[in-house]
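Atom set for the values below is all heavy atoms of this structure, side chains included, hydrogens, waters and symmetry mates excluded. Just follow the structure's listing: the first ligand is 1, and inside any ligand the first atom is 1.
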Amino acid sequence: MEDFTSEAGKIQKEIDKISSIAPLDQLQIKYLGRNGIINNLLKDIKNVPAEEKKDYGQKLNELKSSIGRLIETKKQELLEKSGTEQTVDITLPGKPYLHGTLHPITYAIEEISRIFEKIGFVRMSYPEVEWEYYSFEALNMPKGHPARDDFETFYIDVPEHAKLAKMVLTPHTSSGQVREMERVRKTLPAGRQAPIRMINIAKCYRRNWDATHAPMFYQFEGMVVDRGINITHLKGTIDYFAKNFFGPDREIRLRPHHFQFTEPSFETDISCNVCGGTGTVNGKKCRVCKSGWLELGGSGMIHPNVLRAGGIDPDVYTGWAFGFGPERCLMMKLGLSEIRDLYSGDIRFLKQF
Ligand code: DAH
């Protein structure tokens with residue numbers, strides 16, 4: 001019996017010396033294996049006097065489980081140690097960090113800004129939550145005018161303002177035109193009402209949702225007001241933008257149209273890059289544009305009533321404006337057909353850009 005107690009102490013010492021798993025496994029087999037020391041001692045029980053048998057068996061079993069515990073504890077200790085050693089293995093190659101990029105629409109907006117800032121335009125962002133006055137009345141669309149229906153506007157449920165009327169989610173960046181006229185006038189010496197060179201890039205909202213329209217989208221609105229401004233300045237500026245954003249071989253054209261806030265008004269087209277503006281590819285109608293031209297957006301000479309609303313005398317000053325969509329420009333540049341892909345947030349789509 002005393003042998004058993006001293007045996008446990010000896011085994012503990014043996015275990016203390018061990019510093020890796022393999023010798024520990026061998027030790028386990030030596031003591032606890034089928035032909036190990038414990039089992040052999042158990043077989044010896046037949047030689048033990050009858051009155052000592054019970055005590056002998058009990059002590060032996062206690063020894064067996066305490067050896068088991070000692071080995072197990074040591075094993076955990078060794079495993080933990082080898083684990084920490086691995087994490088500081090400085091020879092392993094580092095894990096690459098996933099890093100994001102700006103959204104393609106953000107890139108497009110930054111590029112558009114840069115193109116216009118280079119020729120002296122001031123970048124503005126006018127409110128997304130706007131008064132009806134700036135969205136419509138000030139733009140020559142009085143209350144009840146049918147042209148307002150084109151803008152499929154979201155209304156905000158707040159009390160109406162006596163002059164500015166209801167609140168809306170701005171349906172177009174043209175709402176920044178009169179705001180900018182008011183802002184610039186305040187910065188100029190008395191008696192002067194211009195020059196203005198603005199690029200207003202902001203979010204707009206309309207009740208629309210299909211392949212090329214999202215209910216929230218961006219527009220960029222260019223506006224120039226000064227003495228002697230005419231259509232050639234409008235055309236030259238859009239041509240400069242088209243060549244810088246889309247490429248030097250692109251052409252633009254103005255096509256007569258109607259907007260309440262410009263007179264004359266135009267739809268602005270850019271030559272198609274698929275058919276080179278010819279409308280045909282290998283003798284067949286171009287599938288992208290069908291006519292050689294793609295629509296960029298609206299433009300025109302600012303209506304005298306709009307200048308008046310901004311406190312500018314239309315007998316002294318003239319101006320032009322245009323309103324295009326960065327998403328549409330980006331889609332035309334990259335050859336995308338679904339605006340909803342741009343707004344899906346799907347990383348598999350976005351990481352291509
Ligand atoms: N605001 C118009 C729209 O959202 C686009 C537009 C047309 C803007 C003509 C202009 C313009 O500045 O002159 O459909």
Side-chain angles (χ1 to χ4, degrees), residues 112 116 121-128 130-141 145-154 168-181 196-208 210 212-226 229-239 241-242 252-270 294-310 312 314 317-329 339:
I112 292 163
F116 283 98
F121 280 66
V122 177
R123 161 105 183 249
M124 298 302 298
S125 283
Y126 278 114
E128 285 172 47
E130 181 55 286
W131 296 105
E132 262 187 305
Y133 171 79
Y134 288 108
S135 303
F136 299 119
E137 266 97 329
L139 295 173
N140 197 35
M141 287 182 279
H145 196 283
R148 287 187 177 209
D149 297 346
D150 297 343
F151 294 94
E152 314 232 33
T153 311
F154 290 104
V168 298
L169 294 184
T170 194
H172 56 173
T173 44
S174 303
S175 54
Q177 288 189 11
V178 167
R179 280 193 179 272
E180 179 70 354
M181 292 175 198
I196 297 174
R197 253 180 285 174
M198 167 194 81
I199 185 82
N200 171 29
I201 311 185
K203 280 180 188 149
C204 304
Y205 301 83
R206 290 188 203 173
R207 294 151 59 95
N208 265 329
D210 62 36
T212 52
H213 298 91
M216 185 210 82
F217 56 99
Y218 282 91
Q219 281 193 342
F220 58 109
E221 184 97 5
M223 177 172 78
V224 168
V225 181
D226 207 346
I229 294 294
N230 62 49
I231 295 172
T232 63
H233 303 125
L234 168 67
K235 203 171 174 194
T237 307
I238 296 175
D239 185 64
F241 166 71
I252 64 127
R253 73 171 184 189
L254 302 181
R255 191 157 40 84
H257 197 73
H258 174 78
F259 295 102
Q260 272 302 113
F261 31 95
T262 40
E263 182 57 39
S265 305
F266 310 102
E267 280 295 4
T268 321
D269 296 334
I270 180 167
L294 294 161
E295 200 179 297
L296 264 180
S299 66
M301 297 303 294
I302 300 173
H303 195 287
N305 286 349
V306 178
L307 290 171
R308 271 186 214 108
I312 294 177
Y317 297 96
T318 49
W320 55 252
F322 67 79
F324 301 161
E327 293 95 335
R328 190 174 161 73
C329 289
I339 193 169

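Using a 4.0 Å cut-off between charged side-chain N and carboxylate O, Glu267 and Arg253 make no salt bridge. Here Arg255 pairs with Glu295 in a salt bridge; the nearest charged N to carboxylate O distance falls below 4.0 Å.
Of the options Cys204, Gly323, Ser174, Ser299, the smallest heavy-atom separation from atom 9 (C) of ligand 1 is shown by Ser299. Relative to atom 14 (O) of ligand 1, the option among His172, Met223, Arg206 with the closest non-hydrogen atom is Arg206.
For ligand 1, the atoms sitting less than 4.0 Å from at least one non-hydrogen atom of Phe259 are 7 (C), 9 (C), numbered in the order shown with element in parentheses. Taking every non-hydrogen atom of Gln219 and a distance limit under 4.0 Å, the qualifying atoms of ligand 1 come out as 3 (C), 4 (O). Every atom of ligand 1 with a heavy atom of Phe322 under 4.0 Å away is listed here by number and element: 8 (C), 10 (C), 12 (O).
In this structure, Gly300 is part of the shell of residues with a heavy atom less than 4.0 angstrom from ligand 1. Between Trp320 and ligand 1 there is no heavy-atom distance shorter than 4.0 Å.
Thr170 and Glu130 are not linked by any side-chain donor-acceptor pair at a separation below 3.5 angstrom, with hydrogens and angles left out of the test.
With ring centers used as reference points, Tyr134 lies 6.0 Å or more from His172. Here the two rings, on Phe151 and Phe259, have centers that are 6.0 Å apart or farther.
Judged by distance alone, the side chain of Asn200 and the main-chain N or O of Tyr126 form a donor-acceptor pair under 3.5 Å.
Closest protein heavy atom to atom 12 (O) of ligand 1: Glu221 OE2, 2.7 Å. Among all protein heavy atoms, the one lying closest to atom 6 (C) of ligand 1 is Phe261 CE1, 3.8 Å.
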